[in-house]
Amino acid sequence: MVLSLRRVSRKLSSSGGVIFVFLILFFLIQSFFMTAPYVNLEYLYGTATMKIAEHGFSTDISYLDYYFRDISNPLFTSMMSAPLVHLFGFSEYLTRLPVVLLSLLLIWAAYSFVDRFLNRRAAIMASLLLTFNVLFWSFSNKAYTDVPFTVLVSLSIMSLIYSLSERKILFSVLSGLMISLAFITKIIANIVYPLFLMIFVLYFVGQKRESVSFYIKKAILHFSPYLVFSLVMILPYFLMMLDTFGFIMHPGLVNLVFKDGIMLPFIIRFLGYLSWLGIFVFLLTPIIIFDFHKNSLRRFPWSKCSIYLMILLFNALVLFITRNKLHFMGEMDFGGFDALLPGFMISMILYVALFVGEILVVNMFFWTRSSFVKRSLFTWLVFLTFAISIARPTQRYLMIVLIPLVIYLADRCTNLRQLTLDKRLRAGLSLFVYANISLLVLMCLFVSAYQQSLGEASAEIAHYVNDHDIVAGLEFEPKSHSYYLFEDQGLYPLEDVSLALRNYSRPYFAGPINMINTDEYEVIYSVTVESFWIRIKEFAVARRIDAAES
């Protein structure tokens, strides 16, 4: 029996069948959480999906004025879900289903890409590291634009790399299509176009010298699809937005110019993103440090201890200088985990993570060697990390560099023999790999359970408010509860949100319990948000004391 199981396992692995089993399991687990009420801003995308379906996919999108006043993203994510809602009626599950399917597509594409350019063991490891990246996992079943954007950008870049390395022009066409779809998902896709040019230059640097006309013909051949799809897809979108609303992106939602100057916020955001790259490494940190110690430091003439000391002192100085400027990091926080960790621990995590992120970038630079594919992956990670530092700061944007990150980590994890010949040391490093995957799986399940409890708790509060005809002020905390659930018209936005939002003159208050002033209000109903029996936060409905007395 044991031998037959081993034989089946080997056959699945050799045939690539293991990835299909893995994808099925991923879909089943995510489906379990997809019926939960919305969290955070999902209600905006869900409402847009419903309205698109109700208006029969009309080209006159003036009815979505509320959407573009609150969200500066195009409509591709909602358009994917609208046909399902039109056919089967509205449900949270249907609005999230296309996002899950795109997540499956990216996992499979990453597996195929790594299998082609490295090996199958690295492909399986890269798929695991991508899937159980907590950020990717938590957004891969949510009606947000971030995972569709990540998938389309990643597919576009991988297609171009494959097209150049394998000399298959059809993949350049696919790349042009994917980036145009990414553009009508998030306008920030414009930062990717310079990366295409960089990858193109990297390709020709490693080729034998040719005539100028050869390079021009090659450039026209590979880049014409980008122009064609831009004219067919992006330009009509721009014209439609200008004709309907008078803008392409709502000017009040654009965050590219900083009040306190450009350089300092950029530096803080860039270092913040490096910290998050270090967080993504997680328990693979010993492998990163060992790679740095054994390979990267051999290129430097100084003492190894001096290099470590210089980096640690530099990071300490950076954190000291920027301690009062961390608001520039915006949404690059730990979400629900902020409620579980004291402030000094978060500071220590950021300090260590910044160190690991810096070591990671150095290691990847030397990892590229003479390989065009690896050089392209390194350029992908560094340039896009640099580029998103001038945009809105949020850790979600870092998902667009997950592919090069997990490919490098997978290569290191599956080639420990290149790091050391000591069997006991390799066994110790392997334990970190297994522990990393195991803990990531548990963290992903914890986050999913937390988000499910978050939606259910806010729904209970909403039902209480609606069932008792309570006129309540709302405390809208973007990373906490579902604002749409409290609204007077169900999913549809209020005509004037300010009438309810933070309106403390109302006789009742609904929101996080820690926002309630017990001198003014008494709690009459509360719901706890838990994950695996760990209490994280609590929502409540409270009545103004003077209103109760009157």
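Note that the structure is predicted; figures quoted are calculated from it, not measured.
Scored by the side chain to side chain contact (heavy atoms under 4.5 Å, CB included) test, R167 finds Y203, Q207 as partners (sequence neighbours excluded). Considering only residues two or more places apart in sequence or on other chains, S138 meets the side chain to side chain contact (heavy atoms under 4.5 Å, CB included) condition with V447, Q451. For V406, the side chain to side chain contact (heavy atoms under 4.5 Å, CB included) test picks out A126, L129, L130, with sequence neighbours left out. Remark: Y93 engages no residue in a ring-ring contact (aromatic ring centres under 6.0 Å, His included) (not counting sequence neighbours). The ring-ring contact (aromatic ring centres under 6.0 Å, His included) test applied to F365 returns F378, not counting sequence neighbours. Residues passing the side-chain hydrogen bond (donor to acceptor under 3.5 Å, both in side chains) test with N415, sequence neighbours excluded: D411. Every residue two or more places apart in sequence or in another chain that forms a side chain to side chain contact (heavy atoms under 4.5 Å, CB included) with L102 is listed here: M80, L105, P148, V151. Residues meeting the salt bridge (Lys or Arg N to Asp or Glu O under 4.0 Å) test with E456, sequence neighbours left out: none. The salt bridge (Lys or Arg N to Asp or Glu O under 4.0 Å) test applied to E538 returns R535, not counting sequence neighbours.
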Could you list the donor-acceptor pairs under 3.5 angstrom formed between side-chain atoms of residues 428-445 and any protein atom two or more places apart in sequence or on another chain?
from: S430; atom 1: OG; to: R426; atom 2: O; distance (Å): 2.8
from: N436; atom 1: OD1; to: L283; atom 2: N; distance (Å): 3.0
from: S438; atom 1: OG; to: Y434; atom 2: O; distance (Å): 2.9

Validation: residues 170-188 side-chain donor-acceptor distances under 3.5 Å, sequence neighbours left out:
from: S172; atom 1: OG; to: S163; atom 2: OG; distance (Å): 2.7
from: S172; atom 1: OG; to: H222; atom 2: ND1; distance (Å): 2.7
from: S175; atom 1: OG; to: S156; atom 2: O; distance (Å): 2.8
from: S175; atom 1: OG; to: S156; atom 2: OG; distance (Å): 3.0
from: S175; atom 1: OG; to: Y226; atom 2: OH; distance (Å): 2.5
from: S180; atom 1: OG; to: G176; atom 2: O; distance (Å): 3.0
from: T185; atom 1: OG1; to: L181; atom 2: O; distance (Å): 2.7
from: K186; atom 1: NZ; to: T145; atom 2: OG1; distance (Å): 3.3

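Among pairs with a residue in residues 379-429, those fulfilling ring-ring contact (aromatic ring centres under 6.0 Å, His included) read F266-F386, W367-Y408, at least two apart in sequence or across chains.
The shortest distance between side-chain heavy atoms of F27 and L101 falls below 4.5 Å. Annotation: side chain of E42 is not in contact with side chain of E92 (no heavy-atom distance under 4.5 Å).
Looking at every heavy atom in both residues, F33 comes nearest to R96 through O-NH1, 3.9 Å.
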Run S103 and F26 through side chain to side chain contact (heavy atoms under 4.5 Å, CB included) and show every step you take. CA-CA 10 Å; S103 302; F26 172 85; 4.0 Å; yes
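The aromatic rings of F200 and F204 sit perpendicular to each other, their planes meeting at more than 60°, with 30° as the lower class boundary. Note on ring orientation: taking the six-membered ring where Trp is involved, the planes of F117 and Y162 are perpendicular (angle over 60°, cut-offs 30° and 60°).
Using modelled atom types, one finds a donor on one side chain and an acceptor on the other under 3.5 Å when comparing T95 with Y38.
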